[in-house]
Structures are given as structure tokens and as C-alpha cells.
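Beneath this line is the structure, given in C-alpha cells, with notes to follow.
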Amino acid sequence: QAPHPGDLVVRLSPEERDPLRRLAAEPEELLAEEPADPSLRRLRPRAYEDEEVEREFRALMGAELEAGRLENLRGLGATVGEERLDAEELDRWLAALNDLRLVLGPRLDVTEDLFADGFDPAAPNAYELAVYAFLTWVQEAAVQATAGNLGTGSVEDD
């Protein structure tokens, strides 16, 4: 496919693409978690304070919202090996990365100052924390590349 102005160049190694591929591989399982699962509260925030209005909103919009999340996760998985992303693919990546971080953050007790003292590779959940930090980095790099380059941007491992 020929590059288009505004495409985002993705310069990630195969080892960096693997966690993205694995996390996007099982979207149904991720979103099928028990609705009361505390780690999904940030993914499914209340839209209305009134309980009855909230139930009506979920009945009307819940399936559509979940379908959009699944589409974004599948889009990430389908394009994770690509060297270029168009605007629509990039939007899906950003939404999927955000949703993945919203679920993983509470599961890992992520706080703003989590990495203030550096990364502890001996922590019991060091791998999961590293994956979370990597998702954050990819998301930030994509946003910066897009915002900084109204033409062609890139996500790269420096």
C-alpha cells in the first residue's frame, strides 16, 4: 500500500509488537469479565448518577460501546505488524491502548507516582508493570507523533 500524507510510520521491533499482539488477541475474554470486576470500572464508567437512567443508558448503548471496544482491539491486533497506519487505524490503536491501560491500571494498583523511584525488576508483578509502562509509551509516542507532525509521524524505539 502506498503511503498517504498523514500516515503514521510504526518502527517497533518484533519483540515490541508481540505484547501488543498478545493483548489484542483475546478481546472477548477481556470484555466478558464480570461487570462487577473493579478493574473494569474505569472502562465502563457510570454515565448517569440516577440508577434508573443509568440502567436505561446501558440497555440502549452498552452493546454498542462494547462492540466499539472489540472493534478497536481487533483493529490493533490486525494491524500490529504493519509498518504504516492510516488515520482510522491509528484511532483504533489509540482507543485500544487506552482501554487496555484502563483495565490493567487498577489490576496493578497503578498510581501517578508508581515509577517515581524507578522501575523495580524484582517486584512480584514486574512483567505486568513493564507491559503497562510499554503500553503507555506506545500511546504517548503515537499521540506525540500525530500532534507534532500534521504530515507524516512515526512511533519508534529510540
Side-chain angles (χ1 to χ4, degrees), residues 1-35 37-48 54 57-108 110-112 114-115 119 125-158:
Q1 139 186 354
H4 294 94
D7 282 0
L8 183 80
V9 176
V10 181
R11 293 186 183 117
L12 297 173
S13 71
E15 295 80 18
E16 291 169 322
R17 292 171 191 263
D18 284 343
L20 297 174
R21 186 174 287 111
R22 282 194 305 274
L23 286 168
E26 299 177 13
E28 285 87 358
E29 182 179 320
L30 172 72
L31 295 173
E33 294 288 332
E34 179 61 35
D37 181 340
S39 67
L40 295 178
R41 282 190 200 130
R42 292 189 64 205
L43 190 61
R44 298 174 177 142
R46 291 182 61 89
Y48 299 95
E54 177 68 16
F57 172 77
R58 292 292 163 195
L60 289 172
M61 297 300 299
E64 186 176 332
L65 293 170
E66 295 299 303
R69 286 187 180 96
L70 285 171
E71 184 178 326
N72 291 331
L73 287 164
R74 289 178 182 139
L76 170 63
T79 58
V80 74
E82 299 295 321
E83 297 300 318
R84 290 183 176 274
L85 300 176
D86 64 27
E88 183 179 327
E89 292 165 336
L90 177 59
D91 285 346
R92 286 198 176 123
W93 271 52
L94 290 171
L97 291 167
N98 189 60
D99 284 351
L100 290 168
R101 291 179 63 247
L102 284 173
V103 171
L104 291 174
R107 290 182 179 183
L108 298 171
V110 171
T111 62
E112 281 188 37
L114 176 67
F115 299 111
F119 178 75
N125 57 353
Y127 176 78
E128 292 84 2
L129 289 171
V131 169
Y132 180 86
F134 174 69
L135 290 173
T136 302
W137 173 81
V138 172
Q139 186 179 31
E140 288 175 359
V143 168
Q144 288 176 358
T146 303
N149 296 306
L150 297 177
T152 302
S154 68
V155 174
E156 20 186 330
D157 179 17
D158 290 328

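In this text, all values refer to a predicted model and were calculated from it rather than measured experimentally.
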Residues which pass side chain to side chain contact (heavy atoms under 4.5 Å, CB included) with [X], listed by chain and number, not counting sequence neighbours:
X: Phe57; value: Ala47, Tyr48, Met61, Leu65
X: Ala67; value: none
X: Arg92; value: Glu71, Asn72, Glu88

Would you say [X] and [Y] make side-chain contact, with heavy atoms under 4.5 Å?
X: Val10; Y: Trp93; value: yes
X: Leu73; Y: Leu23; value: no
X: Asn125; Y: Leu108; value: yes

Point-to-point distance, once rounded to the nearest 0.5 Å, from [atom1] of [X] to [atom2] of [Y]:
X: Phe134; Y: Leu97; atom1: CZ; atom2: CG; result: 8.5 Å
X: Asp18; Y: Arg21; atom1: CG; atom2: CZ; result: 5.5 Å
X: Asp99; Y: Leu94; atom1: CG; atom2: CG; result: 11.0 Å
X: Thr79; Y: Leu20; atom1: OG1; atom2: CG; result: 9.5 Å
X: Glu66; Y: Arg58; atom1: CD; atom2: CZ; result: 8.0 Å
X: Arg107; Y: Leu102; atom1: CZ; atom2: CG; result: 12.0 Å

Margin query: Using a 3.5 Å distance criterion without hydrogens, assess whether the side chain of Gln144 forms a donor-acceptor pair with backbone atoms of Ala141.
Written below: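 Answer holds: no.
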Notebook entry, point to check: Under 3.5 Å, side chain of Arg17 to main-chain N/O of Glu82, donor-acceptor pair present?
Noted result: yes
Check: Do you know the tightest heavy-atom contact between Pro106 and Val103?
Finding: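 Where Pro106 meets Val103 most closely, the heavy atoms are CD-O, 3.4 Å.
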Item checked: Worked check of side-chain contact (heavy atoms from CB on, under 4.5 Å) between Arg101 and Thr136 -> CA-CA 7 Å; Arg101 291 179 63 247; Thr136 302; 2.7 Å; yes
